[in-house]
Colleague: 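Provided herewith is a single structure, encoded as structure tokens, for subsequent inquiry.
These numbers come from a predicted model, not from an experiment. Letters A, B, ... are given to chains in the order of the sequence lines, protein chains preceding strands, and every chain is numbered from 1.
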Amino acid sequence: DAKTTQPTSMDCAEGRAANLPCNHSTISGNEYVYWYRQIHSQGPQYIIHGLKNNETNEMASLIITEDRKSSTLILPHATLRDTAVYYCVHYGGSQGNLIFGKGTKLSVKP
Amino acid sequence: EAQVTQNPRYLITVTGKKLTVTCSQNMNHEYMSWYRQDPGLGLRQIYYSMNVEVTDKGDVPEGYKVSRKEKRNFPLILESPSPNQTSLYFCASSRDRGNSNQPQHFGDGTRLSIL
């Protein structure tokens, strides 16, 4: 079962920053937190991942709290094409399977 | 371009008619995996492979087979498809499984309808 919880849905105005929270208080200290998004029924698209430190790449920034109990994905300038379901994800164990929760449906509005 | 390619993208077929969904990756990844996605159930792992000739069951393997004869290919075989296998299927790959500092890359999906 997923160890992550996210809001069911969020709205964001185009051009503004979208901040998507995730609680993962039961993830162990050596487990990375991953973020993926899924647009319609396309394949999940990898966005970013992190362990303890904040991370940034060309798509987004990831802020992880010092106690590692939660994180926030930041899309700095959301566009209409960023409308998708965003998943905060962790590995399930020795199978190497990713555990997806229910995700947050982000709607970017003009 | 690094990618995971699945074929076909869509398939409607009938109960009992054997089918194969192909998956190929061009990133020289050792680890490959199949998931199915169903409404309300999220993504569930069917089978995975840690390397050539090494495969193992995931969480929902019943009714499926896989093979890994080459590093780049990981086909999913439904020997006798049934309606409860109607689903959206994704293939994924990563450099390896052992280190969790490895993002998995997903294909675009295959939508199967078994009548």
Colleague: For atom CZ of A/Arg16, decide whether the heavy atoms of other residues, nucleotides or ligands shown that lie under 6.0 angstrom number more than 12.
Modeller: no
Colleague: With clusters defined by side-chain heavy atoms of hydrophobic residues (ILVMFWY) lying less than 4.5 Å apart, directly or transitively, does A/Ile74 cluster with A/Val85?
Modeller: no
Colleague: Sort out for me which of B/Gly109, B/Pro103, B/Cys91 touches chain A most, counting heavy-atom pairs under 4.5 Å.
Modeller: B/Pro103
Colleague: To the closest 0.5 Å, what do you measure between OH (B/Tyr47) and CG (A/Asn97)?
Modeller: 14.5 Å
Colleague: Would you say the side chain of A/Leu98 lies within less than 4.5 Å of the side chain of B/Phe106, judging by non-hydrogen atoms?
Modeller: yes
Colleague: Give a yes or no on this: more than 12 heavy atoms of other residues, nucleotides or ligands lie within 6.0 Å of atom CD1 of B/Ile12.
Modeller: no
Colleague: Would you give the length of the straight line joining atom NZ of A/Lys102 to atom CG of B/Leu41, rounded to the nearest 0.5 angstrom?
Modeller: 8.0 Å
Colleague: With a 6.0 Å cut-off (strictly less than), is the heavy-atom count around NZ of A/Lys3, excluding the residue itself, greater than 12?
Modeller: yes
Colleague: Let me know if B/Gln104 has heavy atoms under 4.5 Å from chain A in its side chain, its backbone, both or neither.
Modeller: both
Colleague: For the OG atom of B/Ser94 and the OH atom of A/Tyr91, what is their distance to the nearest 0.5 Å?
Modeller: 4.5 Å
Colleague: If I measure from the heavy atoms of chain A, does B/Arg111 come under 4.5 Å with its side chain, its backbone, both, or neither?
Modeller: side chain
Colleague: If two hydrophobic side chains count as joined below 4.5 Å and joins carry through other members, does B/Leu88 share a cluster with B/Leu78?
Modeller: no
Colleague: Is A/Leu73 reachable from A/Met59 through a run of I, L, V, M, F, W or Y residues, each pair having side-chain heavy atoms under 4.5 Å apart?
Modeller: yes
Colleague: Minimum heavy-atom separation for A/Tyr34 to B/Gln102, with atom names?
Modeller: OH-N, 2.7 Å
Colleague: To the nearest 0.5 Å, what is the distance between OH on A/Tyr36 and NE2 on B/His105?
Modeller: 7.0 Å
Colleague: Which atoms of B/Gln6 come close to chain A, meaning under 4.5 Å heavy atom to heavy atom: side chain ones, backbone ones, both, or neither?
Modeller: neither
Colleague: Test of understanding: clusters of I, L, V, M, F, W, Y form through side-chain heavy atoms closer than 4.5 Å, transitively. Do A/Tyr86 and A/Tyr46 belong to the same one?
Modeller: no
